[in-house]
Amino acid sequence: MKRSIIITGGAGFIGSHVVRLFVNKYPEYRIICLDALTYAGNLANLKDLEGKPNYKFVKMDICDFDQVYKLMKDEAVDGIIHLAAESHVDRSIKDPFTFAKTNVLGTLSLLQAAKACWEPGGWKVGDVPCRFYHISTDEVYGALEMTCPEGVEAPFTTKASSGSHHLAYGRDFFTEDMKYQPHSPYSAAKASSDHFVRAFHDTYGMPTIVTNCSNNYGPYQFPEKLIPLFINNIRHRKPLPVYGRGENVRDWLYVEDHARAIDVIFHKGKVAETYNIGGFNEWKNIDVIKLLINTVDRLLGRPEGADMDLISFVTDRAGHDLRYAIDSRKLQRELGWEPSLQFEEGIEKTVRWYLDNQEWMDNVTSGDYQKYYEQMYGRR
Ligand code: NAD
Ligand code: TYD
């Protein structure tokens, strides 16, 4: 089947992996990457796709209803995979308004444009059933208790957690039917957007799907997030600002495994359903940081652990969620998705990528990447 799909936020971290997977795997589809190129959007993340006949980049703000509607009509779009968002918790604490604008109003504008295009045709474009797939986060569920601070053998494991460490730090996990209890302005805005997406299904019959994924890591992540920031700092022997005592727990998934889940869910997921995505791979921040130091040191030929003294405990993040842990058994059971990469292998692969792509990192940290659009596409 031919399809015409908009992927919003496709020039960002996760979006670029999703765009790459769809463009390469589905030559019969038309893939339109829609991105406003904020500080987090970077066309260098998609350089290898330029010139591919089934790929098009459009610089556009999801809040601009008229432009989005026109693009959807012109391209006969039948699917939207929506990743565009403001995504960093620390920024949301300083500037919550921008998060409400992009994550809530931007999502609403996309939903309205999709409704205006799709409803008159009975939620089909030609013979193709439409689909609005909204990518969300586990952070909407709030924070879990840390009832086992030393860690216990995890009750469920996947390939992601199959290395030396398979611990759980509490007895409960985020399930799809859990109450929303967001704490940060970021997660509050994402929660609100999830509610709007479900409301468009319940009120108008829009064919929607929502997924909530745990923390991602891998290539092309903006170095404000823990893993790329710390890899770069270790390389340059700069201090590592660990919030609080580094005891907070995150559940890490390799970004390409998230992209593969999005592919499976877009094609086989049930309309109106929610799926949690994660690999049962809980780590305390301090343990991830020690793993990063050992890996960077080893790959740079330094004595392993030589850079442990870079660890610097700093004032904790306001409202810092203690523990995230996703229960992804519904997705595994119903759609057969499994993570493909074990965490320590994924970290090694990720560290290698950042060390081998210092030019990408230098462009991002200097701000030069923001000139790329004009060089490639000219001024708008
Ligand atoms: P990111 O910040 O790396 O990328 C966001 C992209 O959205 C950027 O390319 C940016 O230019 C674009 N964008 C921002 N505002 C826009 C607007 N108004 N119009 C059009 N484009 C706009 O984010 P990410 O980490 O790749 O996250 C992508 C999505 O996945 C987000 O919705 C996020 O909530 C969700 N998510 C992220 C994680 C994670 O660990 N990073 C985990 C679960 C879910
Ligand atoms: P982050 O990558 O910002 O993702 P999120 O807040 O969405 O989970 O942070 C991951 C964890 O690392 C989180 O518990 C906060 C912590 N952290 C630090 O300790 N220091 C830092 O400089 C950053 C960016 C994060």
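The structure presented is a predicted model; accordingly, all values stated were derived computationally and were not measured. We're numbering straight along the sequence, starting at 1.
To the nearest 0.5 Å, the span separating CD on Glu139 from OG on Ser92 amounts to 9.0 Å. Within the model, atoms CZ of Arg30 and NZ of Lys2 stand 10.5 Å from one another, a figure rounded to the nearest 0.5 Å. Interatomic distance, CD of Gln342 versus NZ of Lys159, reported as 8.0 Å (0.5 Å rounding). Expressed to the nearest 0.5 Å, how far CG of Asp64 lies from OH of Tyr69 amounts to 14.0 Å. Of the inter-residue distances, the one linking Ile32 atom CD1 with Ile6 atom CD1 reads 5.0 Å to the nearest 0.5 angstrom. The distance from the NZ atom of Lys238 to the OG atom of Ser312 is 13.5 Å, given to the nearest 0.5 Å.
One finds a salt bridge joining Lys70 and Asp74 here, because a Lys/Arg side-chain nitrogen approaches an Asp/Glu carboxylate oxygen to under 4.0 Å. Ion pairing between Glu348 and Arg352 holds under the 4.0 Å rule for side-chain N and carboxylate O.
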Taking it one step at a time, do Thr211 and Tyr133 satisfy side-chain hydrogen bond (donor to acceptor under 3.5 Å, both in side chains)?
-> CA-CA 8 Å; Thr211 57; Tyr133 178 1; 3.0 Å; yes
When you look at Tyr243 and Asn285, which way does the side-chain hydrogen bond (donor to acceptor under 3.5 Å, both in side chains) test go after all the steps?
-> CA-CA 9 Å; Tyr243 300 159; Asn285 289 342; over 6 Å; no
Let me see the working for Ser214 and Asp138 under side-chain hydrogen bond (donor to acceptor under 3.5 Å, both in side chains), right down to the final yes or no.
-> CA-CA 5 Å; Ser214 61; Asp138 59 356; 4.9 Å; no
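There is a side-chain donor-acceptor pair under 3.5 Å between Arg91 and Tyr39. Side-chain contact check for His166 and Ser161: no donor-acceptor pair (N or O, by modelled atom type) lies under 3.5 Å.
When hydrophobic clusters are built by joining Ile, Leu, Val, Met, Phe, Trp and Tyr residues whose side-chain heavy atoms come closer than 4.5 Å, directly or via intermediates, Ile234 is grouped together with Leu299.
Using bins of under 30°, 30° to 60° and over 60° for the plane-to-plane angle, the ring pair Tyr180/His195 lands in the tilted bin. Classified by interplanar angle (parallel below 30°, tilted 30° to 60°, perpendicular above 60°), the ring pair His165/Trp283 is parallel. Between Phe173 and Phe280, the ring planes lie perpendicular to each other; the angle is over 60°, past the 30° to 60° tilted range.
Between Leu37 and the options Gln370, Met60, Lys59, a side chain to side chain contact (heavy atoms under 4.5 Å, CB included) holds for only Lys59.
Remark: aromatic rings of Phe200 and His134 are distant, center separation not under 6.0 Å.
Between the side chain of Asp251 and the backbone N or O of Asn281 there is at least one donor-acceptor pair closer than 3.5 Å.
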Name every donor-acceptor pair, under 3.5 Å, that has one atom in a side chain of residues 9-25 and the other anywhere in the protein, sequence neighbours excluded.
| residue | atom | partner | partner atom | Å |
| --- | --- | --- | --- | --- |
| Ser16 | OG | Gly12 | O | 2.9 |
| Ser16 | OG | Phe13 | O | 2.9 |
| His17 | NE2 | Pro219 | O | 3.0 |
| Arg20 | NE | Asp48 | OD2 | 2.8 |
| Arg20 | NH2 | Asn45 | O | 2.6 |
| Arg20 | NH2 | Asp48 | OD1 | 2.9 |
| Asn24 | OD1 | Lys52 | NZ | 3.2 |
| Asn24 | ND2 | Arg20 | O | 3.3 |
| Lys25 | NZ | Asp263 | OD2 | 2.6 |

